[in-house]
Amino acid sequence: MRGIFRELPALPSREAILLGWATDLPVLVKMRNLPKPQRPQSSDPDYWDVWTKKTTREIEWKEIAEAWQKRNREASGVKMKDNADSK
């Protein structure tokens, strides 16, 4: 199984390793090409360009943190007073 996992970083688009209870041995599979209307409306992330600073990506960290905290509070049933309510 070690050999097939060495292939992970080099897997081309539409290829995957199928494993788990659905198959006795890990299997390298290739997905069919979807018709254009059924494809996701997104592209691959530009990790390398951002990493090498070829392009920049603005990230709203405060909004992300607030959304995560809100989701965590809702999941745990904790209700907190909003800052806007306290004014």
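Everything numeric in this text was worked out from a predicted model, so none of it was measured.
Inter-residue side-chain proximity for E66 and K70 is flagged as unmet; no heavy-atom pair is nearer than 4.5 Å.
A search for side chain to side chain contact (heavy atoms under 4.5 Å, CB included) contacts involving W68 returns I64, R71, not counting sequence neighbours. Taking E15 as the reference, L11, P12, L28, K30 meet the side chain to side chain contact (heavy atoms under 4.5 Å, CB included) condition, with sequence neighbours excluded. Under the rule for a side chain to side chain contact (heavy atoms under 4.5 Å, CB included), the partners of L34 that lie at least two apart in sequence or sit in another chain are Q38, R39.
Hydrophobic cluster membership for L25: none, as no Ile, Leu, Val, Met, Phe, Trp or Tyr side chain comes under 4.5 Å of it. With a 4.5 Å cut-off between side-chain heavy atoms of Ile, Leu, Val, Met, Phe, Trp and Tyr, the cluster of W21 takes in none.
Surrounding CG of N33 are more than 12 heavy atoms belonging to other residues, nucleotides or ligands, all under 6.0 Å away.
T23 contributes no side-chain N or O that, together with a main-chain N or O of L19, makes up a donor-acceptor pair within less than 3.5 Å.
Counting only residues at least two apart or in different chains, salt bridge (charged side-chain N to carboxylate O under 4.0 Å, His left out) contacts with residues 46-59 comprise D46-R57.
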